[in-house]
2 protein chains.
Amino acid sequence: MAQILIIEDEKSIQRMIEYDLKQIGYNVDSELDGFEGYKKASSGKYDVIILDLMLPNMNGMDICKKLRSEEVSSYIIMLTAIDDEYNVVQGFEVGADDYVTKPFSPRELTARIKAGLRGRNVDKKTDVLKYNDITIFQSSYEVVKGKIIVDLTLKEFELLVFLVINKGKVLSREQLLTNLWGFTYDGDSRIVDVHIFKLREKLDPQADYIKTVRGVGYKII
Amino acid sequence: MAQILIIEDEKSIQRMIEYDLKQIGYNVDSELDGFEGYKKASSGKYDVIILDLMLPNMNGMDICKKLRSEEVSSYIIMLTAIDDEYNVVQGFEVGADDYVTKPFSPRELTARIKAGLRGRNVDKKTDVLKYNDITIFQSSYEVVKGKIIVDLTLKEFELLVFLVINKGKVLSREQLLTNLWGFTYDGDSRIVDVHIFKLREKLDPQADYIKTVRGVGYKII
DNA sequence: GAGAAAATTAACAGAAAATTAACATAATAG
DNA sequence: CTATTATGTTAATTTTCTGTTAATTTTCTC
């Protein structure tokens with residue numbers, strides 16, 4: 001599930017937001033201090049960051065600017081009591097994705113969070129993936145087809161997961177290499193083919209889940 | 001530059017927004033009527049759609065819902081006079097990416113547009129192209145005509161995409177060669193003809209989507 | 001450190017697509 | 001109306017890409 005960080009020093013507001021979001025099922029972390037919040041956010045692991053502007057030790061604008069300079073791509077929603085055009089524009093300029101003024105309705109905030117998550121396609125961090133009669137348990141690295149456990153090697157498993165997450169999209173060998181092997185890899189891109197072959201063989205010799213798009217790459221449909 | 005569509009029946013507001021956005025350098029189209037606006041938006045060619053809620057013939061909520069059901073992935077900003085929690089939440093539920101209530105500051109709107117453009121991957125904007133009864137899914141490299149999937153080779157696919165993006169414009173063989181084959185290519189420019197022929201054959205032997213402009217090149221209308 | 005498993009490289013055959021070439025047909029200038 | 005040129009169409013050829021297998025290297029396990 002989506003990871004959300006709340007950086008807000010007004011405890012009443014922080015608790016309210018946290019409660020609502022946990023109800024929906026998000027994983028929520030909270031931080032009252034600006035600098036501590038920045039350090040957490042800097043990890044890059046959050047899908048959404050709810051960021052108050054006036055904070056002790058480090059203010060929201062600076063946090064946002066710093067995070068963006070570090071290429072943190074979390075969806076940042078700024079939160080403030082000041083409804084001032086200058087601030088709003090500045091907020092977006094330092095890299096915020098949305099800007100909400102207090103008082104706001106909790107439902108509006110959650111709606112905006114959902115919209116942010118939807119736009120970025122990050123809500124797919126679920127443990128169990130399903131694709132046709134195939135079920136993938138990410139935490140246990142198990143794949144079940146029908147009722148039979150399919151033995152996949154690590155690379156085959158990673159490849160399958162990546163294909164399923166990007167279901168429908170054609171993925172080039174380069175995309176697969178950078179995402180599954182790491183940028184540094186500069187070997188032959190034909191490795192991908194071999195793993196695709198083995199995956200097809202293990203999943204189902206008949207059905208062709210995995211389609212080849214000649215000249216481009218592979219996709220699962 | 002980014003393509004923006006404004007669907008708004010209040011002329012004063014529409015003009016103001018259009019003026020501001022053109023100043024920045026965006027390509028702006030405007031539509032006063034709901035249904036006409038929907039039809040334009042449905043093309044999928046806009047990066048951002050600014051959508052009023054109360055419109056003649058088709059309301060903003062319905063437009064938004066319909067567009068999302070058609071996989072149009074433009075960044076949709078809803079615009080309304082009603083600052084009502086229920087509406088905001090509903091707006092996000094039908095697929096809006098942002099929601100702004102009137103009166104709003106023009107600078108805030110442009111800031112929100114920029115944030116929307118920034119947040120999305122630029123390649124998303126043109127993922128789904130539509131042309132008559134043909135739908136092109138660029139990320140999956142699929143072409144659907146009516147309800148039938150048309151099997152195209154890579155070159156045919158690229159050619160179709162390029163023609164549709166430059167709909168109406170006549171493209172010379174040289175233009176097509178440099179854009180689809182790369183500058184270095186110095187073979188016979190008649191290759192284009194063969195691919196055009198095959199494309200016509202596969203898309204529809206009857207209808208002539210692709211027009212020949214003798215002495216110049218080809219265009220799709 | 002030996003043995004097993006997995007990952008990678010290499011090689012080749014077959015299939016698909018791109019390109020060339022050749023001829024047929026249609027459009028246009030004179 | 002004819003000669004010329006541009007385009008349509010088909011077939012043949014060449015090139016490229018992928019599937020597949022086997023051999024080699026690396027990693028892991030005991």
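Protein chains get the first letters and strands the later ones, always in sequence-line order, with residue 1 at the start of each.
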Starting from [atom2] on [N], measure out to [atom1] on [X] and report it in whole angstrom.
| X | N | atom1 | atom2 | value |
| --- | --- | --- | --- | --- |
| Arg190(B) | dC23(C) | CZ | C1' | 11 Å |
| Ile191(A) | dA7(C) | CD1 | C1' | 8 Å |
| Asp193(B) | dA22(C) | CG | C1' | 14 Å |
| Phe197(B) | dA22(C) | CZ | P | 19 Å |
| Arg173(B) | dT19(C) | CZ | C1' | 15 Å |

Side-chain atoms of residues 60-67 of chain B: list all donor-acceptor pairs with protein atoms under 3.5 Å, sequence neighbours left out, distances to 0.1 Å.
| residue | atom | partner | partner atom | Å |
| --- | --- | --- | --- | --- |
| Asp62(B) | OD2 | Asn59(B) | ND2 | 3.1 |
| Lys66(B) | NZ | Tyr38(B) | OH | 3.1 |
| Lys66(B) | NZ | Glu70(B) | OE2 | 3.0 |

Let me see the working for Asp47(A) and Tyr26(A) under side-chain hydrogen bond (donor to acceptor under 3.5 Å, both in side chains), right down to the final yes or no. CA-CA 10 Å; Asp47(A) 300 300; Tyr26(A) 296 130; over 6 Å; no

side-chain contact (heavy atoms from CB on, under 4.5 Å) partners for [X], two or more places apart:
| X | value |
| --- | --- |
| Ser30(A) | Ile6(A), Gln14(A), Glu18(A), Val28(A) |
| Ile196(B) | Leu159(B), Leu163(B), Val192(B), Arg200(B), Ile210(B), Tyr218(B) |
| Tyr19(B) | Gln23(B) |
| Ser140(A) | Phe137(A), Glu142(A) |

Measure all distances between protein nitrogen or oxygen atoms and nitrogen or oxygen atoms of nucleotides 15-17 of chain C, and list the pairs falling under 3.5 Å.
| residue | atom | partner | partner atom | Å |
| --- | --- | --- | --- | --- |
| dA16(C) | N3 | Arg214(A) | NH2 | 3.3 |

Partner residues of Tyr141(A) under the ring pair (Phe, Tyr, Trp, His ring centres under 6.0 Å) criterion, sequence neighbours left out: Phe157(A)

Partners passing ring pair (Phe, Tyr, Trp, His ring centres under 6.0 Å) against Tyr131(B) (at least two apart in sequence or in another chain): Tyr209(B)

Between dT8(C) and Trp181(A), is there an OP1 or OP2 to side-chain N/O distance shorter than 4.0 Å? yes

Mind checking which nucleotides bracket the chain A contacts on DNA chain D, 5' to 3', with an atom under 4.0 Å from a heavy atom? dT16(D) to dT21(D)

NA contact type, Tyr218(A), heavy-atom cut-off 4.0 Å: base, sugar-phosphate, or nothing? sugar-phosphate

Rounding to the nearest 10°, end axes of the helix from dG1(C)-dC30(D) to dG30(C)-dC1(D) built from five pairs each make an angle of 40°

By nearest-nucleotide position on DNA chain C, the 5'-leaning member of Lys202(A) and Val194(A) is Lys202(A)

Less than 4.0 angstrom from a charged side-chain N to a carboxylate O is my criterion; do Arg112(B) and Asp97(B) meet it? no

Filter on salt bridge (Lys or Arg N to Asp or Glu O under 4.0 Å), then keep only pairs touching residues 30-42 of chain B, sequence neighbours left out; what's left? Glu31(B)-Lys40(B), Glu36(B)-Lys39(B)

Taking only residues at least two apart or on different chains, which pairs with a member in residues 162-175 of chain B satisfy salt bridge (Lys or Arg N to Asp or Glu O under 4.0 Å)? Arg173(B)-Asp193(B)

